[in-house]
Amino acid sequence: MSQNNWQELEQKLFLRTVNRVPLTLVRGQGAWVWDDEDREYLDFVGGWAVNSLGHCPPVVVEALEKQAKTLIQASNQFYTIPQIKLAQVLVENSCLDRIFFGNSGAEANEGAMKLARRYGKLRLNGAYQVITTYSSFHGRTLAMTAATGQSKFQEPYIPLPDGFVNVAYNNVEAIKQATNAQTCAIILEPIQGEGGVNIPDDDYLNSVQSWCREKGILFILDEIQTGIGRTGSLFAYQQYNVEPDIMTLAKGLGSGVPIGAFLAKEHCSVFSPGEHGSTFGGNPLVCAAAYAALKYIIANNIPRKVRQVGNYFITKLESLKQQFDFVTDVRGRGLLIALEFNSDIAEELVQACLDKGLLVNKVKPNALRFMPPLIITEKEVDKAISILQDALEGIRNHRH
Ligand SMILES: Cc1ncc(COP(=O)(O)O)c(C=O)c1O
(Lines give C-alpha, C1' and ligand atoms only; values in the text may rest on other atoms or scores of the structure.)
Protein backbone atom coordinates (compact mmCIF):
# COMPACT_ATOMS: atom_id res chain seq x y z
CA MET A 1 0.00 0.00 0.00
CA SER A 2 1.35 3.45 -0.82
CA GLN A 3 2.03 6.14 1.77
CA ASN A 4 -1.15 8.08 0.94
CA ASN A 5 -3.38 5.08 1.41
CA TRP A 6 -2.21 4.50 4.98
CA GLN A 7 -2.77 8.12 5.83
CA GLU A 8 -6.22 8.19 4.18
CA LEU A 9 -7.18 5.06 6.05
CA GLU A 10 -6.09 6.63 9.34
CA GLN A 11 -8.32 9.64 8.62
CA LYS A 12 -11.30 7.31 8.32
CA LEU A 13 -10.58 5.01 11.24
CA PHE A 14 -9.31 7.07 14.14
CA LEU A 15 -10.82 9.41 16.69
CA ARG A 16 -9.41 12.84 15.90
CA THR A 17 -6.94 13.29 18.75
CA VAL A 18 -3.78 14.21 16.84
CA ASN A 19 -2.66 16.11 13.73
CA ARG A 20 0.03 13.74 12.63
CA VAL A 21 3.12 14.70 10.66
CA PRO A 22 2.51 13.32 7.12
CA LEU A 23 5.08 10.57 7.46
CA THR A 24 4.51 6.82 7.77
CA LEU A 25 7.41 5.21 9.63
CA VAL A 26 8.16 1.56 8.99
CA ARG A 27 11.55 0.84 10.54
CA GLY A 28 14.34 2.29 12.61
CA GLN A 29 17.96 1.67 13.56
CA GLY A 30 19.93 3.69 16.10
CA ALA A 31 19.08 7.37 15.65
CA TRP A 32 17.61 6.79 12.17
CA VAL A 33 14.13 5.90 10.86
CA TRP A 34 12.80 5.06 7.40
CA ASP A 35 9.40 5.80 5.87
CA ASP A 36 7.28 3.56 3.63
CA GLU A 37 9.08 4.89 0.56
CA ASP A 38 12.44 4.07 2.12
CA ARG A 39 13.46 7.68 2.73
CA GLU A 40 15.69 8.04 5.79
CA TYR A 41 15.39 10.57 8.61
CA LEU A 42 17.58 11.47 11.54
CA ASP A 43 15.25 11.12 14.52
CA PHE A 44 15.54 13.88 17.13
CA VAL A 45 12.03 13.13 18.43
CA GLY A 46 13.05 9.64 19.56
CA GLY A 47 9.57 8.26 20.16
CA TRP A 48 8.91 11.39 22.30
CA ALA A 49 11.91 11.02 24.60
CA VAL A 50 11.42 7.26 24.75
CA ASN A 51 13.99 5.52 22.52
CA SER A 52 16.88 5.92 25.02
CA LEU A 53 19.14 3.47 23.25
CA GLY A 54 17.88 4.32 19.78
CA HIS A 55 15.67 2.24 17.52
CA CYS A 56 15.87 -1.53 17.82
CA PRO A 57 18.89 -1.58 20.19
CA PRO A 58 20.44 -5.08 20.10
CA VAL A 59 20.34 -5.52 23.91
CA VAL A 60 16.60 -4.84 23.98
CA VAL A 61 15.86 -6.91 20.87
CA GLU A 62 17.76 -9.87 22.34
CA ALA A 63 16.01 -9.57 25.71
CA LEU A 64 12.61 -9.40 23.99
CA GLU A 65 13.37 -12.41 21.79
CA LYS A 66 14.54 -14.48 24.73
CA GLN A 67 11.69 -13.49 27.04
CA ALA A 68 9.06 -13.93 24.30
CA LYS A 69 10.08 -17.59 24.09
CA THR A 70 10.01 -17.98 27.89
CA LEU A 71 7.08 -16.16 29.53
CA ILE A 72 5.22 -13.18 28.06
CA GLN A 73 2.50 -12.42 30.60
CA ALA A 74 1.58 -13.71 34.02
CA SER A 75 -0.74 -12.31 36.64
CA ASN A 76 0.67 -10.15 39.42
CA GLN A 77 -0.88 -12.72 41.76
CA PHE A 78 2.34 -14.61 41.07
CA TYR A 79 6.02 -13.76 41.37
CA THR A 80 7.84 -13.21 38.07
CA ILE A 81 11.58 -12.77 37.85
CA PRO A 82 12.13 -9.96 35.26
CA GLN A 83 10.09 -7.44 37.29
CA ILE A 84 11.94 -8.29 40.49
CA LYS A 85 15.32 -7.89 38.75
CA LEU A 86 14.24 -4.54 37.27
CA ALA A 87 12.92 -3.37 40.65
CA GLN A 88 16.24 -4.22 42.27
CA VAL A 89 18.26 -2.16 39.77
CA LEU A 90 15.95 0.85 40.14
CA VAL A 91 15.90 0.74 43.93
CA GLU A 92 19.66 0.19 44.20
CA ASN A 93 20.38 3.11 41.88
CA SER A 94 17.95 5.64 43.34
CA CYS A 95 17.13 7.14 46.74
CA LEU A 96 13.79 5.28 46.80
CA ASP A 97 12.96 2.01 48.56
CA ARG A 98 9.89 0.41 46.95
CA ILE A 99 8.35 0.29 43.49
CA PHE A 100 5.11 -0.34 41.61
CA PHE A 101 5.05 -1.04 37.85
CA GLY A 102 2.39 0.17 35.41
CA ASN A 103 2.27 0.73 31.67
CA SER A 104 2.56 4.46 31.01
CA GLY A 105 3.47 7.82 32.47
CA ALA A 106 -0.11 8.80 33.24
CA GLU A 107 -0.66 5.52 35.05
CA ALA A 108 2.53 6.01 37.06
CA ASN A 109 1.38 9.48 38.13
CA GLU A 110 -2.13 8.23 38.94
CA GLY A 111 -0.60 5.61 41.21
CA ALA A 112 1.63 8.20 42.86
CA MET A 113 -1.43 10.40 43.52
CA LYS A 114 -3.28 7.45 45.03
CA LEU A 115 -0.31 6.72 47.29
CA ALA A 116 -0.22 10.39 48.34
CA ARG A 117 -3.95 10.26 49.15
CA ARG A 118 -3.50 7.09 51.19
CA TYR A 119 -0.69 8.85 53.04
CA GLY A 120 -2.96 11.85 53.60
CA LYS A 121 -5.74 9.66 54.92
CA LEU A 122 -3.50 7.65 57.22
CA ARG A 123 -1.00 10.28 58.40
CA LEU A 124 -2.35 13.77 57.64
CA ASN A 125 -5.92 13.73 58.96
CA GLY A 126 -7.43 13.02 55.56
CA ALA A 127 -5.53 15.67 53.58
CA TYR A 128 -5.99 14.90 49.87
CA GLN A 129 -5.02 17.94 47.79
CA VAL A 130 -1.96 17.90 45.57
CA ILE A 131 -0.25 21.10 44.45
CA THR A 132 0.97 21.10 40.85
CA THR A 133 2.35 23.83 38.57
CA TYR A 134 1.33 25.81 35.51
CA SER A 135 2.92 24.63 32.24
CA SER A 136 3.34 21.18 33.74
CA PHE A 137 2.40 17.97 32.00
CA HIS A 138 1.44 14.87 33.96
CA GLY A 139 -0.64 12.82 31.51
CA ARG A 140 -4.05 12.43 29.88
CA THR A 141 -6.25 10.58 32.35
CA LEU A 142 -8.97 12.73 33.93
CA ALA A 143 -7.09 13.15 37.19
CA MET A 144 -3.81 13.89 35.42
CA THR A 145 -5.64 16.43 33.25
CA ALA A 146 -6.58 18.19 36.48
CA ALA A 147 -2.96 17.89 37.65
CA THR A 148 -1.60 19.26 34.37
CA GLY A 149 -1.57 23.04 34.81
CA GLN A 150 -2.45 23.98 31.23
CA SER A 151 -5.91 25.27 30.39
CA LYS A 152 -5.84 23.94 26.82
CA PHE A 153 -5.83 20.38 28.20
CA GLN A 154 -8.33 21.11 30.99
CA GLU A 155 -11.04 23.19 29.33
CA PRO A 156 -12.58 20.47 27.13
CA TYR A 157 -13.16 18.30 30.22
CA ILE A 158 -14.43 20.67 32.91
CA PRO A 159 -15.62 19.70 35.51
CA LEU A 160 -12.40 17.95 36.44
CA PRO A 161 -11.76 15.66 39.41
CA ASP A 162 -11.26 17.51 42.67
CA GLY A 163 -8.02 17.62 44.60
CA PHE A 164 -5.52 19.50 42.41
CA VAL A 165 -4.34 23.07 42.85
CA ASN A 166 -2.24 24.58 40.04
CA VAL A 167 0.26 27.33 40.94
CA ALA A 168 3.17 29.13 39.22
CA TYR A 169 6.30 27.07 38.47
CA ASN A 170 9.69 28.09 39.80
CA ASN A 171 7.99 30.02 42.59
CA VAL A 172 8.20 28.55 46.07
CA GLU A 173 6.08 31.36 47.54
CA ALA A 174 3.16 30.33 45.30
CA ILE A 175 3.43 26.82 46.74
CA LYS A 176 3.55 28.14 50.29
CA GLN A 177 0.43 30.20 49.73
CA ALA A 178 -1.46 27.27 48.23
CA THR A 179 -0.56 24.90 51.07
CA ASN A 180 -3.30 24.29 53.63
CA ALA A 181 -4.55 21.62 56.01
CA GLN A 182 -5.91 19.63 53.03
CA THR A 183 -2.56 19.47 51.22
CA CYS A 184 -0.93 16.03 51.16
CA ALA A 185 1.69 16.48 48.44
CA ILE A 186 3.37 18.56 45.75
CA ILE A 187 4.24 17.10 42.34
CA LEU A 188 6.76 18.76 40.03
CA GLU A 189 8.84 18.01 36.98
CA PRO A 190 12.52 18.77 37.77
CA ILE A 191 12.56 20.38 34.30
CA GLN A 192 9.22 20.93 32.56
CA GLY A 193 9.32 19.01 29.29
CA GLU A 194 6.02 19.52 27.46
CA GLY A 195 5.69 23.03 28.90
CA GLY A 196 8.69 24.12 26.81
CA VAL A 197 11.86 22.73 28.46
CA ASN A 198 11.56 25.13 31.42
CA ILE A 199 14.55 24.95 33.74
CA PRO A 200 13.91 26.21 37.27
CA ASP A 201 16.35 28.21 39.38
CA ASP A 202 19.06 26.05 40.94
CA ASP A 203 17.58 26.30 44.45
CA TYR A 204 13.88 25.86 43.53
CA LEU A 205 13.58 22.11 44.07
CA ASN A 206 15.58 22.36 47.27
CA SER A 207 13.33 25.11 48.63
CA VAL A 208 10.23 23.11 47.74
CA GLN A 209 11.70 20.04 49.42
CA SER A 210 12.41 22.06 52.60
CA TRP A 211 8.82 23.35 52.60
CA CYS A 212 7.47 19.82 52.22
CA ARG A 213 9.62 18.58 55.11
CA GLU A 214 8.53 21.52 57.27
CA LYS A 215 4.85 20.83 56.59
CA GLY A 216 5.13 17.03 56.64
CA ILE A 217 3.73 16.73 53.11
CA LEU A 218 5.09 14.57 50.30
CA PHE A 219 7.59 15.85 47.74
CA ILE A 220 6.88 14.05 44.47
CA LEU A 221 8.99 14.34 41.34
CA ASP A 222 7.60 13.42 37.93
CA GLU A 223 10.75 12.17 36.19
CA ILE A 224 8.81 10.59 33.36
CA GLN A 225 10.60 12.77 30.81
CA THR A 226 13.75 13.73 32.74
CA GLY A 227 14.60 10.30 34.16
CA ILE A 228 16.80 7.46 32.87
CA GLY A 229 19.74 9.56 31.76
CA ARG A 230 17.86 12.14 29.67
CA THR A 231 19.28 15.19 31.48
CA GLY A 232 22.79 13.80 32.01
CA SER A 233 22.34 11.93 35.29
CA LEU A 234 20.33 8.75 35.82
CA PHE A 235 17.64 10.90 37.49
CA ALA A 236 17.43 14.68 37.28
CA TYR A 237 16.94 15.04 41.06
CA GLN A 238 20.59 13.99 41.49
CA GLN A 239 21.70 17.28 39.91
CA TYR A 240 19.59 19.35 42.30
CA ASN A 241 20.72 17.90 45.61
CA VAL A 242 17.22 16.73 46.61
CA GLU A 243 15.58 13.39 47.35
CA PRO A 244 11.91 12.98 46.43
CA ASP A 245 9.60 10.96 48.66
CA ILE A 246 7.97 9.56 45.52
CA MET A 247 9.28 9.52 41.94
CA THR A 248 7.48 8.55 38.74
CA LEU A 249 9.11 7.08 35.62
CA ALA A 250 8.04 5.91 32.15
CA LYS A 251 9.26 6.94 28.65
CA GLY A 252 12.99 6.11 28.55
CA LEU A 253 12.69 3.36 31.15
CA GLY A 254 11.80 0.73 28.54
CA SER A 255 13.86 2.20 25.70
CA GLY A 256 10.81 1.72 23.47
CA VAL A 257 8.61 -0.80 25.27
CA PRO A 258 5.63 0.63 27.18
CA ILE A 259 6.34 0.71 30.90
CA GLY A 260 5.77 3.11 33.78
CA ALA A 261 6.67 2.95 37.45
CA PHE A 262 6.50 4.87 40.67
CA LEU A 263 8.93 4.51 43.52
CA ALA A 264 8.51 5.57 47.13
CA LYS A 265 10.57 5.96 50.25
CA GLU A 266 9.82 3.48 53.02
CA HIS A 267 8.14 6.08 55.26
CA CYS A 268 5.40 6.72 52.68
CA SER A 269 5.03 3.19 51.28
CA VAL A 270 1.58 2.99 52.86
CA PHE A 271 -0.44 0.82 50.46
CA SER A 272 -2.02 -2.37 51.76
CA PRO A 273 -2.69 -5.38 49.51
CA GLY A 274 -5.66 -4.75 47.22
CA GLU A 275 -5.42 -0.95 47.28
CA HIS A 276 -3.75 -0.63 43.90
CA GLY A 277 -3.05 -2.88 40.93
CA SER A 278 -2.55 -3.35 37.18
CA THR A 279 -3.09 -6.38 34.95
CA PHE A 280 -0.16 -5.70 32.64
CA GLY A 281 2.03 -3.67 35.01
CA GLY A 282 5.39 -5.36 35.46
CA ASN A 283 4.69 -7.73 32.59
CA PRO A 284 7.66 -10.12 32.13
CA LEU A 285 8.18 -9.21 28.46
CA VAL A 286 8.49 -5.45 29.00
CA CYS A 287 10.41 -5.84 32.26
CA ALA A 288 12.99 -8.07 30.59
CA ALA A 289 13.46 -5.40 27.91
CA ALA A 290 13.60 -2.53 30.43
CA TYR A 291 16.04 -4.48 32.60
CA ALA A 292 18.36 -5.05 29.64
CA ALA A 293 18.13 -1.38 28.64
CA LEU A 294 18.74 -0.08 32.16
CA LYS A 295 21.67 -2.41 32.80
CA TYR A 296 23.23 -1.19 29.55
CA ILE A 297 22.61 2.47 30.43
CA ILE A 298 24.26 2.07 33.83
CA ALA A 299 27.14 -0.21 32.76
CA ASN A 300 28.11 2.10 29.89
CA ASN A 301 27.63 5.31 31.88
CA ILE A 302 25.26 6.64 29.24
CA PRO A 303 24.35 9.66 31.45
CA ARG A 304 27.98 10.87 31.19
CA LYS A 305 27.86 10.50 27.40
CA VAL A 306 24.58 12.41 27.40
CA ARG A 307 26.26 15.29 29.24
CA GLN A 308 29.11 15.34 26.71
CA VAL A 309 27.05 15.12 23.53
CA GLY A 310 24.36 17.38 25.03
CA ASN A 311 26.92 20.09 25.78
CA TYR A 312 28.35 19.72 22.28
CA PHE A 313 24.83 20.08 20.81
CA ILE A 314 24.07 23.15 22.96
CA THR A 315 27.34 24.80 21.89
CA LYS A 316 26.43 24.25 18.23
CA LEU A 317 22.93 25.62 18.81
CA GLU A 318 24.45 28.67 20.51
CA SER A 319 26.44 29.30 17.36
CA LEU A 320 23.22 29.14 15.31
CA LYS A 321 21.80 31.71 17.72
CA GLN A 322 24.77 33.97 16.89
CA GLN A 323 24.04 33.59 13.16
CA PHE A 324 20.28 34.14 13.22
CA ASP A 325 18.95 37.12 15.14
CA PHE A 326 15.45 35.64 15.34
CA VAL A 327 16.76 32.79 17.51
CA THR A 328 16.19 34.11 21.03
CA ASP A 329 17.11 31.26 23.37
CA VAL A 330 18.91 27.93 23.65
CA ARG A 331 18.21 26.01 26.83
CA GLY A 332 18.36 22.48 28.11
CA ARG A 333 20.15 19.85 30.14
CA GLY A 334 21.70 16.76 28.65
CA LEU A 335 19.58 15.77 25.65
CA LEU A 336 16.42 17.66 26.56
CA ILE A 337 16.93 20.91 24.69
CA ALA A 338 14.82 23.74 23.26
CA LEU A 339 15.52 26.42 20.67
CA GLU A 340 13.25 29.45 20.90
CA PHE A 341 12.42 32.16 18.32
CA ASN A 342 10.98 35.65 18.41
CA SER A 343 7.93 34.56 16.34
CA ASP A 344 5.80 31.49 15.67
CA ILE A 345 7.98 29.72 13.10
CA ALA A 346 8.30 26.33 14.77
CA GLU A 347 5.71 24.67 12.51
CA GLU A 348 7.45 25.92 9.38
CA LEU A 349 10.81 24.72 10.73
CA VAL A 350 9.48 21.26 11.56
CA GLN A 351 8.31 20.97 7.94
CA ALA A 352 11.56 22.34 6.51
CA CYS A 353 13.61 19.93 8.64
CA LEU A 354 11.34 17.04 7.63
CA ASP A 355 11.88 17.85 3.94
CA LYS A 356 15.64 17.73 4.57
CA GLY A 357 15.55 14.47 6.55
CA LEU A 358 15.46 15.54 10.21
CA LEU A 359 12.62 14.91 12.68
CA VAL A 360 12.17 17.57 15.38
CA ASN A 361 9.31 18.54 17.70
CA LYS A 362 7.43 21.82 17.92
CA VAL A 363 7.11 22.18 21.70
CA LYS A 364 5.55 25.66 21.44
CA PRO A 365 4.47 27.75 18.44
CA ASN A 366 7.79 29.59 18.78
CA ALA A 367 10.07 26.80 20.02
CA LEU A 368 11.53 23.49 18.88
CA ARG A 369 12.45 20.69 21.26
CA PHE A 370 15.15 18.07 20.71
CA MET A 371 14.93 14.74 22.56
CA PRO A 372 17.02 12.35 20.45
CA PRO A 373 18.14 8.88 21.50
CA LEU A 374 20.75 9.10 24.26
CA ILE A 375 23.26 7.28 22.06
CA ILE A 376 23.55 9.92 19.31
CA THR A 377 27.04 10.80 18.17
CA GLU A 378 28.65 14.20 17.61
CA LYS A 379 28.58 13.38 13.88
CA GLU A 380 24.81 12.97 14.04
CA VAL A 381 24.54 16.24 15.96
CA ASP A 382 26.59 17.90 13.18
CA LYS A 383 24.18 16.52 10.60
CA ALA A 384 21.17 17.84 12.54
CA ILE A 385 22.83 21.24 12.96
CA SER A 386 23.56 21.49 9.26
CA ILE A 387 19.91 20.71 8.40
CA LEU A 388 18.69 23.19 11.00
CA GLN A 389 21.03 25.83 9.63
CA ASP A 390 19.60 25.28 6.12
CA ALA A 391 16.07 25.49 7.47
CA LEU A 392 16.83 28.70 9.38
CA GLU A 393 18.46 30.20 6.28
CA GLY A 394 15.29 29.35 4.35
CA ILE A 395 13.25 31.30 6.88
CA ARG A 396 15.63 34.26 6.79
CA ASN A 397 15.57 34.41 2.97
CA HIS A 398 11.82 34.11 3.01
CA ARG A 399 11.58 37.05 5.41
CA HIS A 400 13.75 39.42 3.35
C1 LIG B 1 6.58 14.77 32.62
C2 LIG B 1 5.55 13.86 32.02
N3 LIG B 1 4.67 13.24 32.83
C4 LIG B 1 3.73 12.41 32.34
C5 LIG B 1 3.62 12.16 30.99
C6 LIG B 1 2.56 11.23 30.49
O7 LIG B 1 3.14 10.05 30.04
P8 LIG B 1 2.29 9.04 29.12
O9 LIG B 1 2.05 9.73 27.82
O10 LIG B 1 3.18 7.82 29.02
O11 LIG B 1 1.02 8.74 29.84
C12 LIG B 1 4.52 12.80 30.11
C13 LIG B 1 4.40 12.59 28.65
O14 LIG B 1 4.84 13.38 27.84
C15 LIG B 1 5.50 13.67 30.64
O16 LIG B 1 6.36 14.30 29.85
Side-chain angles (χ1 to χ4, degrees), residues 17-18 20 44-52 100-116 130-150 152-154 157 164 166 169-170 185-200 204-205 208 219-231 235-237 240 244 246-263 278 280-283 286 289-290 293 332-338 360-364 367 369-372 374:
T17 61
V18 56
R20 297 187 207 247
F44 273 40
V45 175
W48 217 268
V50 165
N51 297 102
S52 332
F100 179 91
F101 288 115
N103 306 282
S104 69
E107 191 188 348
N109 281 339
E110 283 276 339
M113 297 299 98
K114 285 174 74 180
L115 185 59
V130 178
I131 298 174
T132 79
T133 57
Y134 295 137
S135 308
S136 60
F137 189 83
H138 298 297
R140 302 290 204 150
T141 58
L142 265 181
M144 287 312 101
T145 299
T148 293
Q150 299 196 50
K152 70 176 176 196
F153 295 120
Q154 295 184 342
Y157 301 105
F164 297 94
N166 310 141
Y169 187 62
N170 196 26
I186 294 167
I187 183 167
L188 299 172
E189 293 157 85
I191 293 172
Q192 290 184 329
E194 301 307 302
V197 188
N198 304 323
I199 304 174
Y204 174 60
L205 292 180
V208 177
F219 175 52
I220 306 177
L221 287 180
D222 176 342
E223 291 239 23
I224 286 163
Q225 188 152 153
T226 54
I228 317 296
R230 174 62 51 190
T231 67
F235 307 108
Y237 76 76
Y240 288 97
I246 300 176
M247 171 174 74
T248 58
L249 298 173
K251 290 198 182 282
L253 176 57
S255 196
V257 300
I259 182 168
F262 60 100
L263 294 98
S278 170
F280 291 119
N283 165 293
V286 296
R333 284 259 173 125
L335 285 170
L336 182 58
I337 301 172
V360 293
N361 163 244
K362 176 187 83 168
V363 72
K364 296 205 292 190
R369 173 176 42 172
F370 310 103
M371 40 192 172
L374 307 181

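Every number for a ligand or one of its atoms is a count from 1 in the order of the listing.
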S.K.: Give the residues near ligand 1 by chain and number, with the criterion being a heavy-atom distance under 4.0 Å.
M.R.: Ser104, Gly105, Ala106, Asn109, Phe137, His138, Gly139, Glu189, Glu194, Asp222, Ile224, Gln225, Lys251
S.K.: Going by ring pair (Phe, Tyr, Trp, His ring centres under 6.0 Å), name the residues that satisfy it together with Phe153, two or more places apart in sequence or in a different chain.
M.R.: Phe137
S.K.: Kindly write out the residues that satisfy salt bridge (Lys or Arg N to Asp or Glu O under 4.0 Å) with Arg20, not counting sequence neighbours, or none if the list is empty.
M.R.: Glu10
S.K.: Measure the CD1-CZ distance between Ile199 and Arg333 for me, rounded to the nearest 0.5 Å.
M.R.: 6.0 Å
S.K.: Does Phe100 have any ring pair (Phe, Tyr, Trp, His ring centres under 6.0 Å) partners at least two apart in sequence or in another chain, and if so, which?
M.R.: Phe262, His276
S.K.: Do Thr133 and Gln192 pass the side-chain hydrogen bond (donor to acceptor under 3.5 Å, both in side chains) test, and can you show the C-alpha distance, the side-chain angles, and the key distance before you say yes or no?
M.R.: CA-CA 10 Å; Thr133 57; Gln192 290 184 329; 3.1 Å; yes
S.K.: Do Met144 and Met113 touch side chain to side chain, with heavy atoms closer than 4.5 Å?
M.R.: yes
